[in-house]
Amino acid sequence: VHAASACMPFWHHNIRNEEGDTQVVDRLRAAYPRFCLHPLVRQLCRQVFGSEGTGLVFPSDRCAGRAAEHVRNRGGVVTELIPVSGTAAVGVRVPADDFGRLKEYWQHAGEIISSRAAESLTAGVAAAATETEARRTVRRRFAEYGGCGEDEAWLFPSGMAAIACVWRAGRRLDPQRPTVQFGFPYVDTLKIQQRFSPQAWRFLPRGDAGDLEQLSQLLRSQSISALVCETPTNPLLTMPDLAALRRLADEHGFLLIVDDTLAAVINDNPLSWADAVATSLTKYFSGQGDVLAGGLRLNRQRPGFQQRQAAVRAEFEELLCDADAEVLERNSRDVAERVQVINRNAAELSERLSRHPAVQQVFYPAVTKGGVGRGGLMSIVLRSAAERTPAVFDRLRVCKGPNLGTSFTLCCPYTILAHYT
């Protein structure tokens with residue numbers, strides 16, 4: 001019921017989904033919740049607004065206010081804000097022509113109503129976000145694996161909400177100077193920098209030694225507020241030179257923000273290099289593909305920690321609902337054991353595929369000494385890819401949909417789903 005993925009088993013389903021073919025889109029019973037509204041969320045919207053496509057419900061008035069501001073900044077109109085009676089949730093109504101702008105905020109900032117929260121709200125019950133034992137356990141577990149104290153760790157309703165929060169905290173401290181995206185990112189991380197005020201950014205898409213030199217040249221003539229990167233990157237699974245980025249951050253006074261989702265929580269912790277690290281807990285930490293959540297941790301050892309901590313606290317709200325926190329706690333009990341199995345299996349699979357005569361290239365982080373892998377995500381390019389890939393994809397006997405880090409195999413045409421346009 002609360003799946004955080006879709007089932008699109010044939011190549012043409014993925015193409016038609018991206019092109020908005022209603023014969024595919026209307027048949028989806030679930031999908032990744034920031035991109036496709038869950039049926040329970042659609043039901044809540046009908047209940048609040050009287051119809052679909054005229055508004056979205058957000059978990060708090062602050063989230064709703066930011067969503068409304070985004071619509072206006074993008075040239076749209078907000079008709080009204082509608083408190084959901086007896087709850088903290090607030091609906092934002094817009095003209096139908098501006099729904100796409102509102103949906104942008106839902107997708108990019110990730111401050112969404114989850115399917116479990118919607119289930120409560122449609123029944124007239126508040127989707128509480130309180131300091132339960134399950135929440136404390138998740139926060140403690142995340143902090144322990146993430147190499148920080150509980151006071152330096154926060155939980156969010158999605159990984160993107162964690163990134164949006166630290167981005168806003170950075171803007172509190174430095175409102176105008178541009179940010180830099182170093183290396184090709186997951187799509188919404190770049191969209192936040194491009195579409196959220198002040199819309200000041202630079203993009204170095206390869207994140208390699210050449211881009212590092214280009215960054216050094218840029219910093220000689222222009223100061224920046226923060227640099228954002230991923231370890232590893234998606235979809236090419238490259239590792240940025242964090243030591244070099246740290247040296248530049250110290251020399252030029254910018255924040256180093258890392259998304260370590262693909263490091264699988266317990267692999268390659270980048271916190272010692274970074275000022276802040278954001279993680280999607282939807283992926284490996286949960287491992288079951290049935291709950292959306294995110295986490296943020298700060299490095300207490302870096303100069304300026306107290307100011308950053310205060311800025312994050314000013315922007316943070318407890319939005320992960322209790323029902324989701326409870327599921328996340330259960331799912332994450334065996335995360336360390338699961339990730340080790342995933343590491344071993346992925347390393348062997350990537351090595352086998354790299355020897356396959358039909359495979360041109362496998363993108364996977366370099367394995368550690370002893371042949372242990374680093375996470376479960378890999379990207380595969382076939383020979384004569386344009387002609388051969390659809391048929392191979394169609395014949396794969398695995399689950400096919402977006403998401404990663406699950407305890408079962410998932411496959412999707414990632415560049416089509418994330419970067420179709």
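Side chains included, hydrogens not; waters and symmetry mates left out as well; all remaining heavy atoms used.
- Checked by atom type and distance alone, the side chain of Lys103 pairs as donor or acceptor with a backbone atom of Phe35 at under 3.5 Å.
- Checking Arg338 against Ser407 by side-chain atom types alone, no donor-acceptor pair falls below 3.5 Å.
- Counting heavy atoms of neighbouring residues, nucleotides and ligands inside a 6.0 Å radius, atom CZ of Arg172 exceeds 12 of them.
- Between Arg139 and Glu318 there is a salt bridge, with a side-chain nitrogen of the basic residue lying less than 4.0 Å from a carboxylate oxygen of the acidic one.
- Take Ala67 and apply the side-chain contact (heavy atoms from CB on, under 4.5 Å) test, not counting sequence neighbours, and it matches Phe58, Leu102, Tyr105.
- Salt-bridge formation is detected for the pair Glu348/Arg352: a Lys NZ or Arg NE/NH1/NH2 atom is positioned less than 4.0 Å from an Asp or Glu carboxylate oxygen.
- For Arg308 and Glu152, the salt-bridge test fails: no basic side-chain N is under 4.0 Å from an acidic carboxylate O.
- A salt bridge is defined here as a Lys NZ or Arg NE, NH1 or NH2 lying under 4.0 Å from an Asp or Glu carboxylate O, and Asp275 with Arg246 meets this definition.
- Salt-bridge check for Arg302 with Asp250: passed, with a basic side-chain N closer than 4.0 Å to an acidic carboxylate O.
- At a threshold of 4.0 Å, the pair Arg168-Glu111 counts as salt-bridged, since one of the basic side-chain nitrogens sits closer than that to a carboxylate oxygen.
- For Tyr420 and Glu19, the side-chain atoms include at least one donor-acceptor pair closer than 3.5 Å.
- Asn73 and Ser197 share no side-chain donor-acceptor pair at under 3.5 Å.
- Checked by atom type, the side-chain pair Gln217/Glu213 shows a donor-acceptor distance below 3.5 Å.
- Looking at Glu329 and Thr137, their side chains never bring a donor and an acceptor atom within 3.5 Å of each other.
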